[in-house]
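All figures in this text were calculated on a predicted structure; none of them were measured in a lab. Along the sequence shown, the residues carry numbers beginning at 1.
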Amino acid sequence: QVQLAESGGGWVRAGDSLTLSCALSGRSFSTVHMAWFRQGPGLEREFVAAISRSGLSTYYADSVKGRFTISRDNAKNTTSLQMNSLIPEDTALYYCTGGSFTLTGRAMRDSQRYDSWGQGIQVTVSS
């Protein structure tokens with residue numbers, strides 16, 4: 001059974017940093033592209049960041065570029081999202097996801113390409 005378990009969420013103040021982690025089990029981690037999506041209050045789910053199965057390619061939404069960093073450790077079957085300079089607009093439920101598909105920039109940003117999803121973890125940023 002494939003499982004994705006997110007951790008590290010919480011409540012922080014604007015300007016603070018937070019790191020989300022995600023552990024994958026039940027699937028070969030090194031064959032899976034990994035990504036983070038988020039859904040803010042009253043908003044649709046949106047792409048945040050993605051990393052290729054090799055870890056050599058990363059992709060970011062314009063809204064987080066320069067503030068967030070995605071990484072992966074294929075030996076530990078984990079991916080992380082380092083979030084710096086957080087702003088209230090980053091408040092959302094963050095989802096970890098993985099998928100095996102042909103690597104393209106557009107595909108990595110498409111939620112429908114991913115077939116394994118975590119339950120989500122809340123990040124709240126107060127002003």
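Proximity of Gln122 to Trp11: side-chain heavy atoms (C-beta onward) are nowhere separated by under 4.5 Å.
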Next item on the list: Carefully, step by step, assess Ser17 and Gln82 under the rule side-chain contact (heavy atoms from CB on, under 4.5 Å).
Entry: CA-CA 8 Å; Ser17 298; Gln82 172 69 42; 3.9 Å; yes
Note to self: Does Thr78 form a side chain to side chain donor-acceptor pair (under 3.5 Å) with Asp73? I'd like the steps, not just the answer.
What the structure shows: CA-CA 5 Å; Thr78 59; Asp73 186 336; 5.0 Å; no
Margin query: Run the ring pair (Phe, Tyr, Trp, His ring centres under 6.0 Å) test on Phe37 and Tyr114 for me, step by step, so that the C-alpha distance in whole Å, both residues' side-chain angles and the decisive distance to 0.1 Å come before the verdict.
Written below: CA-CA 11 Å; Phe37 286 75; Tyr114 297 88; 5.7 Å; yes
Item checked: Test side-chain contact (heavy atoms from CB on, under 4.5 Å) applied to Thr91 and Val123, step by step -> CA-CA 5 Å; Thr91 294; Val123 173; over 6 Å; no
Next item on the list: Take Arg38 and Val64, measure what side-chain contact (heavy atoms from CB on, under 4.5 Å) needs, and give me the verdict at the end.
Entry: CA-CA 12 Å; Arg38 68 185 182 186; Val64 306; 4.0 Å; yes
Margin query: Quick one, Ile87 with Arg67, criterion side-chain contact (heavy atoms from CB on, under 4.5 Å). Give me CA distance, side-chain angles, the key distance, then yes/no.
Written below: CA-CA 10 Å; Ile87 59 178; Arg67 299 189 298 122; 4.0 Å; yes
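Of the N and O atoms on the side chains of Arg53 and Ser100, not one donor lies less than 3.5 Å from an acceptor on the other residue. Inspection of the Ser30 and Asn74 side chains reveals no N or O donor paired with an N or O acceptor under 3.5 Å.
Cluster annotation: Phe101 is not connected to Met34 through the hydrophobic network of ILVMFWY side chains, with a link wherever side-chain heavy atoms come within less than 4.5 Å. Placement of Val48 and Trp117 in two distinct hydrophobic clusters is found when ILVMFWY residues are connected by side-chain heavy-atom separations under 4.5 Å, directly or transitively. The hydrophobic cluster containing Tyr95 does not contain Leu24, counting ILVMFWY residues as joined when their side-chain heavy atoms lie under 4.5 angstrom apart, directly or transitively.
One finds a salt bridge joining Lys65 and Asp62 here, because a Lys/Arg side-chain nitrogen approaches an Asp/Glu carboxylate oxygen to under 4.0 Å.
Residues Ser116 and Arg27 come closest through the heavy atom pair OG-NH1, 2.8 Å. Minimum heavy-atom separation, Thr19 to Ser80: CG2-CB, 4.4 Å. Contact detail for Leu103 and Ser57: the closest heavy-atom pair is CD2-OG, 4.4 Å. Across every non-hydrogen atom of Glu6 and Gly118, the tightest pair is OE2-CA, 3.3 Å.
With a 6.0 Å cutoff to the six-membered ring centre and a 45° limit on the axis angle, Arg72 counts as a cation-pi contact of Phe29. Taking the centre and axis of the six-membered ring of Trp36, the NZ or CZ atom of Arg109 falls outside the cone set by 45° and 6.0 Å.
Crowding of Arg13 atom CZ: a count of heavy atoms from other residues, nucleotides or ligands under 6.0 Å not exceeding 12. The number of heavy atoms from other shown groups lying within 6.0 Å of CD (Gln39) is above 12.
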